[in-house]
Amino acid sequence: MSGFEPTREAAHARLAALQPEAYARSRNHLEGAVTHLSPYLTHGLLGLAEVLQALRERHGLDESHKLVQELGWRAYFHHVWRHRGEAIFASLHAGPLPDDAYAPTLPEDIRRGATGVPAIDRAVRTLYATGYLHNHARLWLASYVVHLRKVHWRAGADWLYGHLLDGDLASNHLSWQWVAGTGSHKPYLFNADNVARFAPREWHSAGSAIDLSYEALDALARRPREVGGGRGEPVDEPALHRAPPPGLATEAGPLPPAAALVHPWSLAGAPPGGPAAGVFFADFHARWPWSERRWRFAADRLQQIAGVPHWCEGPVPAGATAWADPHAAPWLAGARAMPVAAAFDEPARACASFTQYWRGTRMARAGSGARA
Ligand SMILES: Cc1cc2nc3c(=O)[nH]c(=O)nc-3n(C[C@H](O)[C@H](O)[C@H](O)COP(=O)(O)OP(=O)(O)OC[C@H]3O[C@@H](n4cnc5c(N)ncnc54)[C@H](O)[C@@H]3O)c2cc1C
């Protein structure tokens with residue numbers, strides 16, 4: 001996989017390269033034909049509706065196709081965030097053990113990719129080297145952290161979010177809850193045989209702490225004691241930054257009163273109006289630090305669109321305009337937030353499961369007038 005360039009051209013190149021049939025056959029394999037669209041979707045370089053439209057028009061896909069369903073998971077997690085708000089950052093319901101049976105912080109050997117389980121240590125190295133992980137690797141990592149090492153899912157979720165280029169608070173934190181069993185009916189478990197089936201040889205983990213039957217793993221998930229770790233060679237964890245890292249320029253002055261704002265989740269371009277101004281929200285990053293790679297991804301694109309981005313401490317001026325996004329919403333309260341085109345029709349009620357959501361929605365039809 002090559003890196004992720006923060007440009008519309010790179011995003012469209014990913015879209016043009018999609019192979020839906022190969023995706024459906026191979027998506028669970030670490031070397032399968034996955035799309036690598038997630039950093040572009042998270043940062044609004046591509047809209048979900050825009051991707052679905054391309055899948056419909058170029059490939060004739062509908063809701064029955066696996067790729068459309070996977071994109072549906074993203075939309076479902078945002079549906080849950082819309083309905084539950086801040087509640088998604090705490091356990092939605094009880095998991096296999098009470099919350100206080102899990103450690104509140106991530107042990108050093110996991111952070112440093114030194115657990116001695118090749119699949120986990122590889123995943124951590126890949127994450128730090130690229131800012132991206134295949135879905136299966138994310139599932140393995142989260143399951144190991146929560147069920148074998150007894151670390152609270154929230155500690156793992158916050159850490160992973162910071163290092164991912166595609167970190168999306170709904171997809172990330174709700175996926176961790178799905179794995180933990182606090183957002184699904186049972187814990188997600190995996191073993192060395194599963195890794196051997198879907199990952200290249202260097203990831204294989206026979207003889208390690210995950211080389212167990214599913215019965216044994218299920219019993220482990222339901223008892224409070226952790227399996228030990230810490231037998232591997234450590235790597236350095238890249239720093240996470242709550243403010244722009246050294247060398248990344250931002251402007252501290254006030255925003256123009258009627259600015260067309262571009263924030264890090266709307267990097268396709270400025271909304272209509274003007275003048276365009278890029279913006280980072282200080283309060284967001286006080287809570288959610290990012291890796292340097294991610295800061296640069298967003299800042300490079302903001303710079304392309306609107307010059308040096310502003311460092312915004314507090315809400316934006318009333319009279320400014322911006323594309324709506326839930327990550328940015330608290331700081332856009334006084335501004336005109338322009339809706340992004342819906343990708344899927346919104347079910348009338350809050351859905352308690354993906355299955356319920358999927359039964360209650362369809363791919364939205366184009367033509368709402370909002371940005372794709
Ligand atoms: C523990 C954990 C944490 C995750 N954190 C994030 C995150 O912060 N941001 C994020 O975008 N995705 C997250 N995901 C979902 C998924 O792993 C990634 O979207 C996917 O791996 C991104 O790679 P891709 O674009 O090549 O995916 P593909 O497999 O090619 O899928 C295409 C698109 O469908 C959507 N999608 C696919 N699978 C999922 C899924 N399970 N849940 C939600 N959307 C999905 C994504 O938008 C993705 O870009 C997480 C999953 C897990 C298990």
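Index from 1, following the sequence. Note that ligands are numbered from 1 as they come in the structure, with each ligand's atoms numbered from 1 the same way.
At a 4.0 Å heavy-atom cut-off, ligand 1 touches L71 through backbone and side chain alike.
Geometrically, ligand 1 and H134 share no nitrogen or oxygen pair separated by less than 3.5 Å. Polar contact with ligand 1: present for L37 (N/O pair, distance under 3.5 Å).
Salt bridge present: D166 and R138 bring a charged side-chain N and a carboxylate O closer than 4.0 Å. The pair E50-R8 meets the salt-bridge criterion, with a side-chain N (NZ, NE, NH1 or NH2) lying under 4.0 Å from an Asp/Glu carboxylate O. Ion pair K186/D218 not flagged as a salt bridge, since none of the NZ, NE, NH1 or NH2 atoms sits closer than 4.0 Å to an Asp/Glu carboxylate oxygen. Salt bridge annotation for E86-R287: present, with a cationic side-chain nitrogen under 4.0 angstrom from a carboxylate oxygen.
When only non-hydrogen protein atoms are considered, atom 32 (C) of ligand 1 lies nearest to T35 OG1, 3.4 Å. Among all non-hydrogen protein atoms, the one lying nearest atom 40 (C) of ligand 1 is W73 CB, 3.9 Å. From the protein, the heavy atom lying nearest to atom 11 (O) of ligand 1 is R74 NH1, 3.1 Å. For atom 3 (C) of ligand 1, the closest heavy atom belonging to the protein is N172 OD1, 3.3 Å. Protein heavy atom closest to atom 12 (N) of ligand 1, with residue, atom name and distance, is S171 CB, 3.6 Å. For atom 8 (O) of ligand 1, the closest non-hydrogen atom on the protein side is D168 N, 2.9 Å. When hydrogens are left out, the protein atom nearest atom 2 (C) of ligand 1 is S175 CB, 3.4 Å; that is the closest non-hydrogen contact. With hydrogens left out, the protein atom closest to atom 9 (N) of ligand 1 is D166 O, 3.0 Å, a heavy atom.
When each of H173, H241, H327 is checked for a ring-ring contact (aromatic ring centres under 6.0 Å, His included) with W288, only H173 meets the rule.
Of the options A180, G156, S38, the smallest heavy-atom separation from atom 19 (O) of ligand 1 is shown by S38. Atom 6 (C) of ligand 1 has its nearest heavy-atom neighbour, among R14, E70, H136, R138, in R138.
Those atoms of ligand 1 with a heavy atom of L139 less than 4.0 angstrom away are 53 (C). For ligand 1, the atoms sitting less than 4.0 Å from at least one non-hydrogen atom of N135 are 15 (C), 16 (C), 17 (O), 21 (O), 41 (N), 51 (C), 53 (C), numbered in the order shown with element in parentheses. Residue F77 approaches ligand 1 through these ligand atoms, each under 4.0 Å from one of its heavy atoms: 42 (N), 43 (C). Close approach to G167 involves these atoms of ligand 1, each under 4.0 Å from a residue heavy atom: 8 (O).
A centroid separation of less than 6.0 Å is found between the aromatic rings of W265 and F284. When ring centroids are compared, H285 and W295 come within the 6.0 Å threshold. Between F297 and F4, the ring center distance fails the sub-6.0 Å criterion.
By the 4.0 Å heavy-atom criterion, R27 is excluded from the residues contacting ligand 1. Residue contacts with ligand 1: Y132 is included, with a non-hydrogen atom under 4.0 Å away. Residue contact check for ligand 1: L41 places a non-hydrogen atom closer than 4.0 Å to it. For the ligand labelled ligand 1, residue W176 lies inside the 4.0 Å heavy-atom shell. Within the structure, ligand 1 has Y23 among the residues with a heavy atom less than 4.0 angstrom away. Ligand 1 lies within reach of L133, whose nearest heavy atom is under 4.0 Å from it.
The two residues L106 and G156 come nearest to each other via the heavy atoms CD1-CA, 4.4 Å. Between T182 and W153, the shortest heavy-atom contact is OG1-NE1, 3.6 Å. Nearest approach of F344 to L48, heavy atoms of both residues: CE1-CD2, 4.4 Å.
Between Y357 and F354, the ring planes lie tilted relative to each other; the angle falls in the 30° to 60° range. A tilted orientation is assigned to the rings of F77 and W73, their planes being inclined by 30° to 60°. Ring geometry for H163 against Y128 counts as tilted: the plane angle lies between 30° and 60°, on a 0 to 90° scale.
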